[in-house]
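If you're wondering where the values come from, they're calculated on a predicted model, not measured in any experiment.
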Amino acid sequence: MKTRKIIAIAFIIIAIVLGVIFFTKINFPIGLDAYFNKEFYVQFGPLAICIELLIAGFYLFVKHAKSNFTLALFGFTALLDSIFNTIGLFTSMVPTYAMVLFVICSLVALWIAFSNTFKLGRISLKGVIVSFILGTAVELFFNYL
């Protein structure tokens, strides 16, 4: 129980700190037409990953029944961001230091989700597939709008 809460608090702190950093780097345009450009929405990709990590950390902290699903969703999203960036599918808006933190957190999150370490309820095959599809959709939405 203590380990679960420590990991959850670490996820929450990382999500909040990186979320604040990413939010302060978002440029809000003055004219209305700029809000309909791809460049505006691409800025929110790193913030979306932080929000996923924040929700996963909170669910893990309160031992919610959907903890493993949200951990898998975050894990797939963060890993796919770095994999797609590495293979050149797109250029990620996530800075290198944050990408390293996200990959470490995603590996821990996937390990917790798939091994059911904290007895939060096994993630089903359907849950794994849905979390992978949603993680891919989030990545493609913010990079191939």
Side-chain angles (χ1 to χ4, degrees), residues 1-29 35-145:
M1 180 173 93
K2 192 174 186 180
T3 307
R4 175 182 54 85
K5 287 190 176 186
I6 290 171
I7 292 171
I9 290 170
F11 282 177
I12 291 169
I13 290 171
I14 291 169
I16 290 172
V17 169
L18 290 179
V20 168
I21 291 170
F22 296 149
F23 186 76
T24 58
K25 291 184 179 183
I26 293 175
N27 296 322
F28 292 98
Y35 284 98
F36 299 103
N37 292 333
K38 176 186 174 189
E39 292 79 26
F40 176 69
Y41 293 101
V42 169
Q43 300 177 90
F44 290 94
L47 189 59
I49 297 172
C50 287
I51 292 170
E52 287 181 4
L53 180 60
L54 180 67
I55 293 169
F58 175 74
Y59 276 6
L60 184 61
F61 186 81
V62 298
K63 205 171 183 178
H64 192 275
K66 297 290 182 185
S67 296
N68 285 338
F69 176 79
T70 57
L71 288 166
L73 176 61
F74 162 73
F76 286 132
T77 305
L79 273 182
L80 288 172
D81 185 68
S82 64
I83 289 171
F84 289 163
N85 185 48
T86 302
I87 63 174
L89 191 58
F90 60 78
T91 303
S92 177
M93 294 294 293
V94 178
T96 306
Y97 67 90
M99 193 173 293
V100 170
L101 275 173
F102 282 154
V103 167
I104 292 168
C105 289
S106 68
L107 292 174
V108 171
L110 288 172
W111 176 71
I112 292 170
F114 292 139
S115 68
N116 197 22
T117 304
F118 299 119
K119 310 292 186 250
L120 301 168
R122 282 227 172 272
I123 187 167
S124 65
L125 179 60
K126 179 183 172 185
V128 171
I129 292 170
V130 170
S131 63
F132 180 77
I133 290 171
L134 285 175
T136 305
V138 167
E139 279 307 304
L140 294 179
F141 176 78
F142 286 109
N143 294 292
Y144 281 113
L145 200 54

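- We find the CZ-OH distance between F141 and Y41 to be 8.0 Å, quoted to the nearest 0.5 Å.
- Side-chain atoms of I49 and E139, non-hydrogen and from C-beta on, do get closer than 4.5 Å to each other.
- Note on residues 120-129: no pairs pass side-chain hydrogen bond (donor to acceptor under 3.5 Å, both in side chains), not counting sequence neighbours.
- In this structure, F28 and I26 have side chains that are in contact, with non-hydrogen atoms separated by less than 4.5 Å.
- M93 is not listed as a side-chain neighbour of F142, based on a closest heavy-atom distance of 4.5 Å or more.
- Listed by chain and number, the residues in a ring-ring contact (aromatic ring centres under 6.0 Å, His included) with F58 amount to none (sequence neighbours excluded).
- Every residue meeting the side-chain hydrogen bond (donor to acceptor under 3.5 Å, both in side chains) condition with S115, not counting sequence neighbours, appears here in chain and number order: T117.
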Please lay out, stage by stage, how L134 and F76 fare under the test side chain to side chain contact (heavy atoms under 4.5 Å, CB included).
CA-CA 9 Å; L134 285 175; F76 286 132; over 6 Å; no

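- F74 places none of its side-chain heavy atoms less than 4.5 Å from the side chain of I55.
- For K119, there are no side chain to side chain contact (heavy atoms under 4.5 Å, CB included) partners, not counting sequence neighbours.
- For residues 58-76, the set of pairs meeting the side-chain hydrogen bond (donor to acceptor under 3.5 Å, both in side chains) definition, not counting sequence neighbours, comprises N68-N116.
- The CG atom of L120 sits 6.0 Å away from atom CG of L60, with the distance rounded to the nearest 0.5 Å.
- The side-chain hydrogen bond (donor to acceptor under 3.5 Å, both in side chains) check on T136 picks up nothing, with sequence neighbours excluded.
- Between F132 and L80, the closest side-chain pair of non-hydrogen atoms falls below 4.5 Å.
- We find the CD1-CD1 distance between I14 and I9 to be 12.0 Å, quoted to the nearest 0.5 Å.
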Donor-acceptor pairs under 3.5 Å, side chain of residues 101-114 to any protein atom, not counting sequence neighbours: which ones?
residue	atom	partner	partner atom	Å
S106	OG	F102	O	3.1
S106	OG	V103	O	2.8

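- The line from NZ of K5 to CZ of F61 is 4.5 Å long, rounded to the nearest 0.5 Å.
- To the nearest 0.5 Å, atoms CD1 (I7) and NZ (K2) are separated by 13.0 Å.
- Listed by chain and residue number, nothing satisfies the side-chain hydrogen bond (donor to acceptor under 3.5 Å, both in side chains) test with S131 (two or more places apart in sequence, or in another chain).
- Here the CG atom belonging to L47 is positioned 10.0 Å from the CG atom belonging to L54, to the nearest 0.5 angstrom.
- In terms of the side chain to side chain contact (heavy atoms under 4.5 Å, CB included) criterion, residue partners of I87 (sequence neighbours excluded) are, by chain and number, F84, L89.
- Ring to ring, F40 and F44 are close: their centroids are under 6.0 angstrom apart.
- Within the structure, side-chain hydrogen bond (donor to acceptor under 3.5 Å, both in side chains) contacts touching residues 82-103 (residues at least two apart or in different chains) are D81-S92.
- Among residues at least two apart or in separate chains, side-chain hydrogen bond (donor to acceptor under 3.5 Å, both in side chains) pairs with a member in residues 44-58 are E52-T77.
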Can I get a per-line list of side-chain donor-acceptor pairs under 3.5 Å for residues 16-25, giving both atom names and the distance, sequence neighbours left out?
residue	atom	partner	partner atom	Å
T24	OG1	V20	O	3.2
T24	OG1	I21	O	2.8

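- Between A15 and C50 the shortest heavy-atom distance is CB-O, 3.4 Å.
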